[in-house]
Amino acid sequence: MKNITHSLIHRGLARVLPGMPASVPEGADRVQAPAPVLVSGQPATPVVLASPHSGRFYPEAFVQASRQSLAILRSGEDSYVEELATDAHTLGPMLVHATFPRVFCDVNRAAWDLDPRMFNTPIPAFVRATHRGLAGLGSVPRIVADNRQIYRTRMPFMEAALRIRDYWMPYHAALATALRRTHAQHGTALLLDLHSMPDAPEAGNPDFVLGDVHGASCASALADKAEEILQDMGFKTSRNTPYAGGYITQHYGRPREGLHALQIEMRRSLYMDEKTREKNRDFSILKHAISQLTESMIATLRTLDSP
């Protein structure tokens with residue numbers, strides 16, 4: 001999937017990590033760590049499920065280097081989203097999810113979207129910060145909830161480069177492979193990129209926000225159907241407000257080539273207590289809703305592809 005982009009990332013890494021293979025190091029933080037990305041299943045359906053922000057492995061060195069408590073660091077975590085997708089996964093879609101947290105490395109940003117103010121060493125010319133990166137919300141974030149600084153001191157650029165190599169790249173390699181295999185098997189592929197969100201009063205506190213980059217990442221028939229299904233189940237929905245889709249949706253969604261990407265944000269209070277991060281009694285209800293949505297999208301894709 002857009003291999004030229006990842007080729008350029010490899011070249012950038014080669015400049016800052018000369019002679020070092022692009023593989024996971026055996027450092028102390030990784031000895032007991034899970035693999036950075038877990039992939040389950042085979043491409044039995046044209047849908048791929050992904051959870052890029054539900055990882056809960058916080059490297060000890062990272063926690064110690066932070067000026068924030070672990071509770072604050074976890075505030076942006078999409079807790080349990082990969083568990084919400086397990087019933088949907090049993091219907092046949094592949095499931096890809098990151099085990100590391102977004103506050104450590106955010107795969108929903110371009111690799112080199114970084115805030116230069118984070119670093120105490122020279123910044124390579126290939127670093128290109130967007131407005132999100134400059135705000136501290138790049139691939140290696142500088143801030144967490146309520147604009148709180150994550151780190152006690154600035155870091156060497158090498159630290160960010162290692163995170164891109166050992167976390168960002170494996171996730172995208174796995175996701176791209178899952179989508180490529182699914183597209184090859186079915187002639188089309190729909191990525192349901194699953195996230196959770198706090199209440200969004202600016203959008204009327206919807207239960208779900210569907211992001212298709214304002215029609216650029218997913219065929220309107222698919223996005224419309226997903227919204228219809230959720231509304232029929234009694235959920236309040238919003239389209240592209242306040243979340244239109246991040247890097248993943250923008251990068252992988254190419255409807256003209258039969259590659260669709262739909263970002264799905266779910267209100268956290270539907271399934272958990274945001275203060276204690278404990279599942280609530282409605283967890284199974286939302287889990288079933290995701291399964292129903294997935295089943296209907298599989299059927300819709302097969303109908304659209306039939307002669």
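Position 1 is the first residue of the sequence, and the numbers go up from there.
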Exercise. Given the rule in the side chain to side chain contact (heavy atoms under 4.5 Å, CB included) test, do Glu83 and Phe283 qualify, once you have shown the distances and angles that lead to the verdict?
Worked result: CA-CA 10 Å; Glu83 292 185 36; Phe283 187 90; 4.0 Å; yes
For this session: Dump the intermediate steps for side chain to side chain donor-acceptor pair (under 3.5 Å) on Arg267 and Ser269, then the final yes or no.
Result: CA-CA 6 Å; Arg267 184 160 56 84; Ser269 56; 2.5 Å; yes
Problem set entry | Joint hydrophobic cluster, Met233 plus Leu84, side-chain heavy atoms closer than 4.5 Å | yes
Problem set entry | Evaluation steps, side chain to side chain contact (heavy atoms under 4.5 Å, CB included), between Thr121 and Met155 | CA-CA 8 Å; Thr121 56; Met155 69 172 67; over 6 Å; no
For this session: Answer yes if the side chains of Tyr58 and Glu77 hold a donor-acceptor pair under 3.5 Å, and no otherwise.
Result: yes
Exercise. Between Lys236 and Asp207, does at least one N-O distance fall below 4.0 Å, as a salt bridge requires?
Worked result: no
Exercise. Could Arg268 and Asp78 be called an ion pair, given the rule that one side-chain N must be under 4.0 Å from one carboxylate O?
Worked result: yes
For this session: Give the cluster check for Ile229 versus Ile285: same hydrophobic cluster or not, with ILVMFWY residues linked at side-chain heavy-atom distances below 4.5 Å.
Result: no
For this session: First locate atom CG of Leu286, then atom OH of Tyr80, and finally report the distance between them rounded to the nearest 0.5 Å.
Result: 14.0 Å
For this session: Applying side chain to side chain contact (heavy atoms under 4.5 Å, CB included), run through Tyr247 and Asp113 and close with a yes or a no.
Result: CA-CA 10 Å; Tyr247 173 82; Asp113 187 4; over 6 Å; no
For this session: Using only heavy-atom distances, determine whether the side chains of His53 and Asp106 contain a donor-acceptor pair under 3.5 Å.
Result: yes
For this session: Please determine which of Leu175, Asp193, Val48 meets the side-chain contact (heavy atoms from CB on, under 4.5 Å) test together with Tyr252.
Result: Leu175
Problem set entry | Lys/Arg-Asp/Glu bridge criterion (N-O < 4.0 Å) met for Arg239, Asp224 | yes
Exercise. If Ile, Leu, Val, Met, Phe, Trp and Tyr residues are connected whenever their side-chain heavy atoms lie under 4.5 Å apart, and connections chain through other members, are Phe235 and Val209 in the same group?
Worked result: no
For this session: For atom NZ of Lys225, decide whether the heavy atoms of other residues, nucleotides or ligands shown that lie under 6.0 angstrom number more than 12.
Result: no
